[in-house]
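Below, chains carry the letters A, B, ... as their sequence lines are ordered, and counting in each starts from 1. The figures here come from the full heavy-atom set of this structure, side chains too, leaving out hydrogens, waters and symmetry mates.
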Amino acid sequence: MPGTSTRIDETALLAALRAGDETAFATLVDSHGAAMRRVALMFVRSGAVADEVVQEAWLGALRGIDRFEGRAALRTWLIRIVANIARTHAVREARSLPFSALELERETEVGREPTVPAERFQGSDGRYPGGWTSFPEPWPNEPERALLSAETRDLIATTIARLPTGQRLVITLRDVEGCDSIEVCNLLGLSETNQRVLLHRARAKVRAALEEYMTKDTM
Amino acid sequence: MSELSCQEIVELVTDFIEDAMSAEERRRFEHHLSYCPGCVAYVEQISDTIRATGTLPSEETLAPELRAALVEQFRHWQRSR
């Protein structure tokens, strides 16, 4: 997440970049290049095309550098450029995008099942209807360490990869790449409500996968 | 105003975190959390999930060929300015 110190670093880097400093450019590529390529790959099907898109995006960024006013985070600006170019590529090559806005809207309509299984809550005849049958098991005392282990990260990555397209795109852009909701709505052509529906389902599924993993040793 | 149930809370958690609630809805949500350790645990787990998901890409870098091509492109851009 861009904090104040990153903003300050960014300002210095941008000034250096405008002055033609190659080291500044390389630093920016190393900070944001991989994220840009991941976003490109959400829109185009092959790695080779994604590489082309990333190159075109950086050229676009360099040409537009004087117009970048620093109102948005630099990363957001770069992701917007790369997403727009990737979309144009997909259309120009007469390939359909791996998804369409319409499909994503439709995905929000279906599968309105609860994100936590109904059997975890008391029925209407329970003492507290709709209350937990038993509270969620608290995660280990050192959640930071457990959550950041390589195994947990693999689990999260695998869970995200298996999500329906819309949920996968939204959680990737929001929680992995750190884009804000307005940006994601623009990139994917989603309404704010539907963006939130997809994010809600995706996060609930990742949480459920983590819960299963976290509590399996204590059972 | 009726109390929210735990089952309702888990479906509102994203609206809560994303600040997409009316003041009244937020008040009801927070009131529920004030007495329900189960839902407090659930909301914390969702926050932990978001934080953990945010650590996914940190080790990824670009392929050296692409990085080199980008630097080459930068030099070209600089010369043409």
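- Considering every non-hydrogen atom in both Leu12(B) and His200(A), the closest pair reads N-CE1, 4.5 Å.
- Heavy atoms closer than 4.5 Å to chain A are found in the side chain of Leu66(B), but not in its backbone.
- Within the 4.5 angstrom heavy-atom criterion, no atom of Val197(A) approaches chain B.
- Legend: residues meeting side-chain hydrogen bond (donor to acceptor under 3.5 Å, both in side chains) with Arg67(B), ordered by chain and number and at least two apart, are Asp30(A).
- Remark: side-chain polar atoms of Glu22(A) are not paired, donor with acceptor, to backbone N or O of Phe74(B) under 3.5 angstrom.
- Residue-environment remark: CZ (Arg162(A)) stays at or below the threshold of 12 foreign heavy atoms within 6.0 Å.
- Contacts with chain B were tallied for Phe135(A), Trp58(A), Phe121(A), Tyr128(A); Phe121(A) has the most, counting heavy-atom pairs under 4.5 Å.
- In terms of heavy-atom pairs under 4.5 Å with chain B, the best-connected choice from Asp51(A), Val29(A), Val206(A), Leu62(A) is Leu62(A).
- Looking at Ile160(A), only its side chain comes within 4.5 Å of chain B, counting heavy atoms on both sides.
- With a 4.5 Å cut-off on side-chain heavy atoms, Trp132(A) and Tyr42(B) count as touching.
- Residue Thr115(A) comes nearest to Glu11(B) through the heavy atom pair N-OE2, 2.7 Å, listed as atom of the first residue, atom of the second, then distance.
- When each of Gly131(A), Gly33(A), Ser31(A) is scored by its heavy-atom pairs under 4.5 Å with chain B, the top score falls to Gly33(A).
- The parts of Arg207(A) that come within reach of chain B are both its backbone and its side chain, each placing non-hydrogen atoms under 4.5 angstrom from that chain.
- With chain A as the partner, the residue from Cys36(B), Cys39(B), Ala63(B) showing the most heavy-atom pairs under 4.5 Å is Cys39(B).
- The parts of Ala118(A) that come within reach of chain B are both its backbone and its side chain, each placing non-hydrogen atoms under 4.5 angstrom from that chain.
- Interface residue Arg38(A): only side-chain heavy atoms are found under 4.5 Å from chain B.
- Heavy atoms only, all atoms of each residue included: Leu17(A) and Arg81(B) are closest at O-NH2, 4.2 Å.
- Nearest approach of Pro136(A) to Ala41(B), heavy atoms of both residues: O-CB, 4.2 Å.
- One finds the SG atom of Cys6(B) at 8.0 Å from the CD atom of Gln122(A) (value rounded to the nearest 0.5 Å).
- Looking at heavy atoms from C-beta onward, Glu44(B) lies out of side-chain contact with Trp139(A) at the 4.5 angstrom threshold.
- The OG1 atom of Thr61(B) lies 11.0 Å from the CZ atom of Arg37(A); values are rounded to the nearest 0.5 Å.
- Put simply, CD1 on Ile171(A) and OG1 on Thr53(B) are 5.0 Å apart, with the number rounded to the nearest 0.5 Å.
- The parts of Pro114(A) that come within reach of chain B are both its backbone and its side chain, each placing non-hydrogen atoms under 4.5 angstrom from that chain.
- Taking CZ of Arg196(A) as the reference point, atom CD1 of Ile17(B) lies at 12.0 Å (rounded to 0.5 Å).
- Not counting sequence neighbours, the partners of Asp21(A) by the side chain to side chain contact (heavy atoms under 4.5 Å, CB included) test are Ala16(A), Thr23(A), Ala24(A).
- Interatomic distance, CG of Leu70(B) versus CG of Leu59(A), reported as 10.0 Å (0.5 Å rounding).
- Rounding to the nearest 0.5 Å gives a distance of 9.5 Å between CD of Glu211(A) and OG1 of Thr49(B).
- In this structure, the portion of Ala19(A) lying under 4.5 Å from any heavy atom of chain B is its backbone and not its side chain.
- The most heavy-atom pairs under 4.5 Å with chain A, out of Glu8(B), Gln78(B), Glu18(B), come from Glu18(B).
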